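Keep in mind the model is a prediction, meaning the values are calculated, not measured.
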Amino acid sequence: MDAFIRFTNQTQGRDRLFRATQYTCMLLRYLLEPKADKQEVVMKLKKLESSVSTGRKWFRLGNVVHAVQTIQQSIHATDLVPRICLILASLNRVIYFICDTILFVRSVGLASGINKKKWRMWAARHYYYSLLLSLVRDLYEISLQMEQVAHDRAKKEKSPSQDPLVYSVADEETEWLQSFLLLLFRSLKKHPPLLLDTVKNFCDILNPLDQLGIYKSNPGIIGLGGLVSSIAGIITVAYPQMKLKTR
């Protein structure tokens, strides 16, 4: 109970819970819409999803400051590739939060002359860039982990394996694929924060891909991706050691 209270006392913790609720509503609404006798439930889910989405905008008002602080921390990263990716991703996130704040100001009626469609597209574009750069960083980290695991494995092997004299091309391709997948599995298993961050960013990018028309998805896919991403986010907030660290 104490851990739950500490979690909900954090702004990020409350935002993750609201986000999980929002995407759960989206997923359930998509699953129930084809059923004629569930229209009332669908309407309630739609209203709840809208209310939760509005509530999350309040939590995000201070995220610009957090993104700027992330830029300052990223400058001190020792590895060049993560440093560049994190700085550029955080810069795009700052622009995204600015666009999101402007859209929020319009939604509450404080400024009516704002072009909602234009600012929404700008927000989606910079959110997409931020996630794409984060995924590039994840792939780079995965490649380093795979290289380390392969190196450790080679050191443990006392003698080279004896391969058959005759190979077919199909056998070689199958063996290469199996070795690659096994190496990838061992690398991510050894580094759970990297697995969580990669899954989270991959699931998150489905939404801007759909908004920008790059890859169209249905609300069910976006809802499921958002829910999985929210659960990953909840884990990183509840257990800070599961958050991917900057080297």
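F97 CZ to S130 OG: the interatomic distance, rounded to the nearest 0.5 Å, is 8.0 Å. Note that CD1 of I98 and CG of L103 are 12.0 Å apart. Values are rounded to the nearest 0.5 Å. For the atom pair OG of S187 and CZ of F185, the computed distance is 10.5 Å after rounding to the nearest 0.5 Å. In this structure, CG on L195 lies 11.5 Å from CD on Q145, to the nearest 0.5 angstrom. Distance check, rounded to the nearest 0.5 Å: CE of M43 to CZ of R29 gives 9.5 Å. Atom CG in L28 sits 6.0 Å away from atom CG in L45 (nearest 0.5 Å).
Counted by atom type alone, R83 and T78 present zero donor-acceptor pairs between their side chains at under 3.5 Å. A donor-acceptor contact closer than 3.5 angstrom is absent between the side chains of D210 and S217. Counted by atom type alone, Y127 and D100 present zero donor-acceptor pairs between their side chains at under 3.5 Å.
Proximity of a side-chain donor or acceptor of D79 to a complementary backbone N or O of P82 within less than 3.5 Å is not detected. R137 places no side-chain N or O within donor-acceptor distance of the main-chain N or O of C85, the cut-off being under 3.5 Å. Within the 3.5 Å criterion, the main-chain N or O of K116 finds no donor-acceptor partner in the side chain of K118. Between the side chain of S230 and the backbone N or O of G226 there is at least one donor-acceptor pair closer than 3.5 Å.
More than 12 heavy atoms of other shown residues, nucleotides or ligands fall within 6.0 angstrom of atom NZ in K57. Enclosure of atom CZ in F104 by more than 12 non-hydrogen atoms of other residues, nucleotides or ligands within 6.0 angstrom is indicated. The local environment of NZ in K35 is sparse, with at most 12 non-hydrogen atoms from other residues, nucleotides or ligands closer than 6.0 Å. At most 12 non-hydrogen atoms from other residues, nucleotides or ligands lie less than 6.0 angstrom from CZ of R120. Environment of NZ in K216: crowded, with over 12 heavy atoms of neighbouring residues, nucleotides or ligands closer than 6.0 Å. Heavy atoms of other residues, nucleotides or ligands lying less than 6.0 angstrom from OH of Y239 number 12 at most. In this structure, E147 places its CD atom where only 12 or fewer heavy-atom neighbours from other residues, nucleotides or ligands lie under 6.0 Å away.
Linking Ile, Leu, Val, Met, Phe, Trp and Tyr residues whenever their side-chain heavy atoms come within less than 4.5 Å places L31 and L224 in a single cluster. By the criterion of side-chain heavy atoms lying less than 4.5 angstrom apart, applied directly or through intervening Ile, Leu, Val, Met, Phe, Trp or Tyr residues, L144 is not grouped with L139; the two fall into different hydrophobic clusters. Put simply, V105 and I95 are part of two different groups of oily side chains (I, L, V, M, F, W, Y) that touch within less than 4.5 Å, one to the next. Linking Ile, Leu, Val, Met, Phe, Trp and Tyr residues whenever their side-chain heavy atoms come within less than 4.5 Å leaves I142 and V81 in two separate clusters. No path of Ile, Leu, Val, Met, Phe, Trp and Tyr side chains, each step under 4.5 Å between heavy atoms, connects L48 with L32, placing them in separate hydrophobic clusters.
In this structure, N207 and Q211 have side chains that are in contact, with non-hydrogen atoms separated by less than 4.5 Å. Between S90 and I87, the closest side-chain pair of non-hydrogen atoms is not below 4.5 Å. In this structure, H191 and L196 have side chains that are not in contact, with every pair of non-hydrogen atoms separated by 4.5 Å or more. L244 is listed as a side-chain neighbour of D138, based on a closest heavy-atom distance under 4.5 Å. Using a 4.5 Å heavy-atom cutoff, the side chains of R93 and L91 are not in contact. Looking at heavy atoms from C-beta onward, Y128 lies out of side-chain contact with R125 at the 4.5 angstrom threshold. When side chains are defined from C-beta on, S229 counts as touching R19, because their heavy atoms get closer than 4.5 Å. Between M26 and I222 the shortest side-chain heavy-atom distance falls below 4.5 Å.
The heavy-atom pair separating P208 from L131 by the smallest distance is CG-CD1, 4.0 Å. For the pair G233 and R16, the tightest heavy-atom approach, listed with the atom from each and the gap, is CA-NE, 3.6 Å. Taking all atoms of both residues into account, the shortest heavy-atom contact from F18 to R56 is CB-CG, 3.5 Å.
The pair K190-D152 meets the salt-bridge criterion, since a charged nitrogen lies less than 4.0 angstrom from a carboxylate oxygen.
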Apply side-chain contact (heavy atoms from CB on, under 4.5 Å) to Q72 and T70, showing your working. CA-CA 5 Å; Q72 295 173 340; T70 304; over 6 Å; no
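Partner K44 forms a side-chain contact (heavy atoms from CB on, under 4.5 Å) with one of E40, K47, K46 and no other, that one being E40.
In this pair, F180 and W176 present their aromatic rings parallel. The plane angle is below 30°, not in the 30 to 60° band.
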